[in-house]
Amino acid sequence: MKLFFSILVTDIHRALCSLRFILSACGVALVILLTGLGLINNANDVIYLLDLSSGSENLMLIVGILPILPFATTFATEWEEHAIGFWIIRTGIGNYAVSKVLVGALSGFLTTAAGTILFVLIALTRLPLFTDATAGNAYSLLLDAGKPVQYLCCRIADISLSSVLFAVAAVWISAYITNKFTAVAGPLVLYFLALRITATLNIPWYLKISAIVHGGYGMGTPIQTLLFKLGIVVVLCFPMGYGAVRRIRRRMFCD
């Protein structure tokens, strides 16, 4: 257990205290900001501008590409550079693999969260945080109750949880195809494939991949909605994470 926490802390430090994390988070903020520049004249407050700017047009950049870059591709990179042995000898295969999955998920979440928060701080220099309850998503009850900060926290957490799906998928794919470019592109391919499949299935709308990634479905209270999103993400990430760990272990023993 001590070895596991040792590599976990090391990987977290590598992921979050890196230029890639800073650039990726700034990239998220920049994507939202560039979209918001054309909409700022139609926005009364920062919350409304965020809801307009983080729509489906650029959502894949915000949650599906940039959050992968800080850490989720490191297994593929270390495999290509023959650097895995350095870590395996010191921590063990299982600890190494599990840490890759967990830190990949954490860095994906924090990349999107940090970038979105940065956008909010920049937008606050031009607009007030909140004036009117114009949002129509599952968290708008918080705006109706005059709680814009709580709304922002839930909204940012919801968007960032979508990034966790893509980041874990990237680690999973890289365990089978050890190429960092495939690790970045693979989750998007899986998403669009799942989008077409679930669109034709007769399942509840909130279980379709578009609803899971984009959010916006209500489960009662905002907290229940966020917890439901968290549960769905955990359920989807667990088999991918488990598969990634098993494949990495097999690679170590067979290759």
> Could you tell me whether the side chains of D51 and Y151 share a donor-acceptor contact shorter than 3.5 Å?
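Yes, a side-chain donor-acceptor pair sits under 3.5 Å.
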> Anything under 30° is parallel, anything over 60° is perpendicular, the rest tilted; go ahead and classify Y242 against F238.
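The arrangement is parallel - the two ring planes meet at less than 30°.
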> Establish, for the pair R90 and F86, whether the NZ or CZ atom is under 6.0 angstrom from the six-membered ring centre and no further than 45 degrees off its axis.
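Relative to the ring axis of F86, which defines the angle, R90 lies inside both limits.
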> Could you label the plane-to-plane angle of the Y191 and F166 rings as parallel, tilted or perpendicular, counting under 30° as parallel and over 60° as perpendicular?
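Y191 vs F166 ring planes: tilted.
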> Say whether, by atom type as modelled, one donor and one acceptor occur between the side chain of R155 and the main chain of Y139 under 3.5 angstrom.
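No, the answer is negative, given that no donor and acceptor are paired below the 3.5 Å cut-off.
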> Could you work out, with salt bridge (charged side-chain N to carboxylate O under 4.0 Å, His left out) as the rule, every residue matching R14, not counting sequence neighbours?
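R14 satisfies salt bridge (charged side-chain N to carboxylate O under 4.0 Å, His left out) with D11, E78 once adjacent residues are dropped.
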> From the options I122, T116, L118, L49, select the one residue that forms a side chain to side chain contact (heavy atoms under 4.5 Å, CB included) with I32.
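Single pass found, and it is T116.
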> With distance as the sole test, does S160 use its side chain to make a donor-acceptor pair with the main-chain N or O of A113 at under 3.5 Å?
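It does hold such a pair.
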> Determine whether R247 and F75 make a side-chain contact, defined as any pair of heavy atoms from C-beta on separated by less than 4.5 Å.
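No, every pair of side-chain atoms sits at 4.5 Å or beyond.
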> State whether the side chain of T35 and the backbone N or O of V31 hold a donor-acceptor pair below 3.5 Å, judged by distance alone.
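Yes: the side chain of T35 pairs with the backbone of V31.
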> Decide whether V171 and V189 are clustered together by the hydrophobic rule: side chain heavy atoms of Ile, Leu, Val, Met, Phe, Trp, Tyr closer than 4.5 Å, transitively.
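The answer is no; the residues belong to distinct hydrophobic clusters.
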> Flag the pair I203 / K208 as yes when at least one side-chain heavy-atom distance between them is below 4.5 Å, and no otherwise.
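In short, these two side chains touch, coming nearer than 4.5 Å.
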